[in-house]
Amino acid sequence: MVSPKQFSSLPPPGANAKLLFFGDPHGDFEPVIAAVERFRPEAIVLLGDIQARRPLHVELGAILDLTEVWFIHGNHDTDSSLDYDNLWGSELAERNLHGRIVEIAGYKVAGLGGIFRSKIWDPRQPVVHAPFISAGMLRRSMRHEERWRGGIALRHRSSIFPADYLQLFQSQPADILVTHEAPVAHPHGWQAIDELAKTLGVQLVVHGHHHQSVDYLAEGLMTAAAPFRAFGVDMGSHLAWPPGHQDGTESEGPPQELLDLAAQVFGSAAEAWLNKPHKLLDGQTPAAFAAGDGPDKVRSMLVAIQYGGVV
Ligand SMILES: [Fe+2]
């Protein structure tokens, strides 16, 4: 039997949310467009590894009049010149939050795109030991033929330089920090992200890169005493913020009869199915979708599966 308690800490699917944070799109913007059309947030933030197949403003043309689009870049956004150009050459290029704080939907949002690469800076080492403090320093060390379009190598345009990090570190306080790398609560997270979050005094850290939807507090990987709340967001999925519905109450989770039905259909795998983002549900998990205004659709899917349908 699946207990509704297991879902009590799930963030709501997005109704009345001011901000939606989207996990790494990797070229698939259907879940982004569907969620914006459904929930109409004031703004959205893409958490990197965007890899738009056309310029980003073209890919998101259907929602540019519905919401404000912001992003950070990820390591895969410098995989090819096409990935790079469709992001940094897009009409939305100035919406990159990397290395700065911008007021979005009433929140001060700080951004740190890219990943740590030891050839540039291993953040476990003091900044003074970093091989390259800034992109300018790296460029000056490169031979002309090593440069890409006259600047640093394409790959390192998604590396985190100490100068970018320190610029944020010395900034004014912020409410939210969005990063591609994870905080230390993740097995592959970094203390440097936690230090940045604490110094900025943020209440929330949201990251991409690891393709996992994780509520670190609910999973017991952080305590309620932690100075900030942290979430990871899977590809094709989103996190709505602020949590709670318009009346300020927490999401109550899916109806019990639906949890019972899921347990009947999937047995011990019910929880895994309920918590895995589904493309028929705008990339949301069945649990989150059912906790909102979509229990009927989730019930229909379960019934279809129960009677041999493919969903
Ligand atoms: Fe990534």
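In listed order, ligands and their atoms are each counted from 1.
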So with a 6.0 Å cut-off around CD of Q191, is the heavy-atom count from everything else above 12?
-> yes
Looking only at atom types and distance, does a side-chain atom of R139 sit under 3.5 Å from a main-chain N or O of A153, one as donor and one as acceptor?
-> no
Residue set satisfying ring-ring contact (aromatic ring centres under 6.0 Å, His included) with W148, at least two apart, ordered chain then number -> Y84
Thinking salt bridges, do R155 and D79 make one under a 4.0 Å N-O criterion?
-> no
State plainly whether the residues D85 and R149 are in salt-bridge range, i.e. N to O under 4.0 Å.
-> yes
Does one side chain, of H26 or H211, offer a donor that lies under 3.5 Å from an acceptor on the other?
-> yes
Total protein N/O/S atoms whose distance from the Fe ion (ligand 1) is less than 2.8 Å = 4
